[in-house]
K.L.:
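First the structure, which I've put down as structure tokens, then a few questions once you've had a look.
Since this is a predicted model, take the numbers as computed values, not measurements. To find a chain, count down the sequence lines: A is the first, B the second, and so on, and within it residues start at 1.
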Protein chains: 2
Amino acid sequence: MTSRKTRPTHAPRSPAPWPGAEAGRFERPSLTVDVVLISTAHGALRTWLVRRSEPPHADRWALPGGFIQPGEPLEAAAARVLTSKAGLTGLFLEQLYTFGAPDRDPRARVISIAYYALCDFARFSVRAGAVPETTAARIEVPWEGETGGPVELTSDGGARFSLAFDHADMVGLAVKRLRGKLDYAPIGFQLLPESFTLLELQQVHETILGRPVNKDSFRRRMLASGQLEATGVWQADVEHRPALRYRFSRRSAT
Amino acid sequence: MTSRKTRPTHAPRSPAPWPGAEAGRFERPSLTVDVVLISTAHGALRTWLVRRSEPPHADRWALPGGFIQPGEPLEAAAARVLTSKAGLTGLFLEQLYTFGAPDRDPRARVISIAYYALCDFARFSVRAGAVPETTAARIEVPWEGETGGPVELTSDGGARFSLAFDHADMVGLAVKRLRGKLDYAPIGFQLLPESFTLLELQQVHETILGRPVNKDSFRRRMLASGQLEATGVWQADVEHRPALRYRFSRRSAT
DNA sequence: TGAATAGTGTCTATAAGACAATATCCC
DNA sequence: GGGATATTGTCTTATAGACACTATTCA
């Protein structure tokens, strides 16, 4: 019913003939969301892929996605996709970029608003093992720093996945965004369980950045940042001196 | 005609039935681009506003924008808007964020992909004075650093503009993005003419950041960055020792 | 006891901020 | 010369990287 009287008489204006005046006559692109769901495992970034069952690109792997429903906020659509395709809720979720190349979908004009989500590896791997027609592909980043560009998705065996549409670009952009935000936003914690050791946190940073980081200064920076809170609990089941576990502390008064 | 058969049969998805097969039955929102065109003048950030002539929000000020045309790439739509509404071409242009709150337009679901563009103050003020029903509003940022949030738009007299739709949020987000990118991306140059002095560059940075920056270290950093190339030409028409003019040098091999 | 990592303290190199001194232009 | 800003150089301070050393756990 909302759409019934849809007649976007969007302002006309003189020098520039605003093409909205007759919006009803315009082709309206379809709108989707795609979600780059990221986690880590065995020292590599992983992303959640779904096997397509229908054309176009039937049988190829793709990011979880779906059409935006009437009246549905964009981020809600992304959250819905995460729930329906991965069974995950409450994750860190942020808008990434909107992809709209005219030929990105061979059927019709489809514009996709890409989001990325972060999940701790424990929840991620449990779910990944539970949902059929799904895989947790390893992200191989062929560039350093924040150069950007597409990435390769592989299985643990090394087989390469060829993603549908422009989804490899979406994953690449998500990695670039992660690398850029890591220094000033608390995103490393989103990839870890509730409590973790400083070494685990460092390894997450190294995985995201794709390079080793200096242990000493990393510890100093993190402890000085005020974002960490000691749990008082020590690591167990390791054959060396156990490390103190920390948790992320929201009240970071920069 | 597209909207005629609007029947939000939203997707069914079991394991992963891509809802595209029936895309034709979905309500398709209208898609627009809005452009935050930014420049500087008299030590303040400015943005280009257009007076709306039709409802909704008739007579209020808004960002230049327009509907995306069939087959038109998103960035091309933003560039077209800049040409048609401001007569400016060849500017730095980058996607900012996609706004899609269900009620952001009272008429119908309209999703807008916001871009921001940067223009040097000379071109900007010439054009601003030449296009009717347009103003170069002063951006007042009520927050520090990259806190983010809406901003206030005022005239030089101090009168406050109340922007249509969620356009004030778009401007605020553009400022936040600018502040965030300033340190590692060559965007300060985009707000300056071909050649400029170090003090002018510093003032642009101060205007973007909304705070003074240390002169000594700013000079050192800029000269050491390899992004600047001396023109050999000295500033003229100043009643003090003239400064050397520089130009932006693309070949910055970090 | 030995292997392995946790955690602490110290030294050095680098970059930012502060400040002083000199240079150059126009009035 | 006086006023104003440019440009250079030095000193201080904060932070990152490197390294040495001690601590603690389990096999």
K.L.:
OP1, OP2 of C:dA15 versus side-chain N and O of B:Arg221: anything below 4.0 Å?
P.N.:
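No.
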K.L.:
With heavy atoms under 4.0 Å as the rule, sort B:Leu198 into base, sugar-phosphate or nothing.
P.N.:
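Nothing: the residue B:Leu198, judged by heavy atoms under 4.0 Å, touches no strand.
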K.L.:
Send over the distance from A:Arg245 CZ to D:dT24 P, rounded to a whole Å.
P.N.:
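Value for this atom pair: 19 Å.
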K.L.:
Round to a whole Å and report the spacing from CD of B:Glu239 to P of D:dG1.
P.N.:
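The answer, rounded to whole Å, is 21 Å.
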K.L.:
Parallel, tilted or perpendicular: which one describes the rings of B:Phe196 and B:Phe189, with boundaries at 30° and 60°?
P.N.:
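The rings of B:Phe196 and B:Phe189 sit tilted, inter-plane angle from 30° to 60°.
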K.L.:
Taking the nucleotide of DNA chain D with the nearest heavy atom to each, does B:Tyr246 or A:Trp234 sit closer to the 5' end?
P.N.:
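It is B:Tyr246 whose nearest nucleotide is closer to the 5' end.
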K.L.:
Answer with yes or no whether A:Arg220 presents, from its side chain, a donor or acceptor under 3.5 Å of a partner atom in the base of C:dG7.
P.N.:
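Under the 3.5 Å cut-off, the side chain and the base do not form any donor-acceptor pair.
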K.L.:
Pick out which of B:Leu37, B:Val36, B:Asp166 makes a side-chain contact (heavy atoms from CB on, under 4.5 Å) with B:Leu63.
P.N.:
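Testing B:Leu63 for a side-chain contact (heavy atoms from CB on, under 4.5 Å) against B:Leu37, B:Val36, B:Asp166 leaves exactly one candidate, B:Val36.
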K.L.:
State which of D:dG9, D:dT25, D:dC19 makes the closest approach to the side chain of A:His240.
P.N.:
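Of D:dG9, D:dT25, D:dC19, D:dT25 is nearest to the side chain of A:His240.
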K.L.:
Give a yes/no on whether any side-chain N or O of A:Lys215 is located under 4.0 angstrom from OP1 or OP2 of C:dG7.
P.N.:
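Checking C:dG7 against A:Lys215, no side-chain N or O comes under 4.0 Å of OP1 or OP2.
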K.L.:
Using only heavy-atom distances, decide whether a donor-acceptor pair under 3.5 angstrom links the side-chain of B:Arg241 to the base of D:dA4.
P.N.:
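Donor-acceptor pair under 3.5 Å: no.
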K.L.:
Let's see if you can work this out: which of C:dA18, C:dA6, D:dA6 has an atom nearest to the side-chain heavy atoms of B:Asp216?
P.N.:
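Among C:dA18, C:dA6, D:dA6, the one nearest the side chain of B:Asp216 is C:dA18.
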K.L.:
To the nearest angstrom, how far is B:Glu200 atom CD from D:dT5 atom C1'?
P.N.:
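Nearest whole value for this atom pair: 13 Å.
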K.L.:
Using atom CG of B:Asn214 as one end and atom C1' of C:dC19 as the other, report the distance to the nearest whole Å.
P.N.:
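Result: 11 Å.
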K.L.:
With the threshold set at 4.0 Å, does a side-chain nitrogen-carboxylate oxygen contact exist between B:Asp156 and B:Arg46?
P.N.:
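Here B:Asp156 pairs with B:Arg46 in a salt bridge, since their nearest N and O are under 4.0 Å apart.
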K.L.:
Please state whether the rings of B:Phe165 and B:His167 are parallel, tilted or perpendicular, taking 30° and 60° as the class boundaries.
P.N.:
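Answer is tilted, since the angle falls between 30° and 60°.
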K.L.:
Mind calculating the distance between CZ (B:Phe196) and P (D:dT5) to the nearest angstrom?
P.N.:
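Going from B:Phe196 (CZ) to D:dT5 (P), I get 20 Å.
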K.L.:
What integer distance in Å separates B:His205:NE2 from C:dA16:P?
P.N.:
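To the nearest whole Å, that distance equals 13 Å.
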K.L.:
B:Ser217 side chain N/O closer than 4.0 Å to the phosphate oxygens (OP1, OP2) of C:dA15?
P.N.:
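For B:Ser217, the contact criterion (side-chain N or O under 4.0 Å from OP1 or OP2 of C:dA15) is not met.
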K.L.:
Whole-Å distance between D:dA23 P and A:Arg219 CZ?
P.N.:
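About 16 Å, once rounded to whole Å.
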K.L.:
By nearest heavy atom, map B:Leu244 and A:Phe218 onto DNA chain D; which one lands nearer the 5' end?
P.N.:
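Nearest nucleotide further toward 5': that of B:Leu244.
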K.L.:
C:dG7 P sits how many Å from A:Gln235 CD, rounded?
P.N.:
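In whole Å, C:dG7 P and A:Gln235 CD are 8 Å from each other.
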K.L.:
Can you see which heavy atom on B:Arg51 is nearest to which on B:Trp61, and at what distance?
P.N.:
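Nearest heavy atoms, B:Arg51 then B:Trp61: NH2-CZ2, 3.3 Å.
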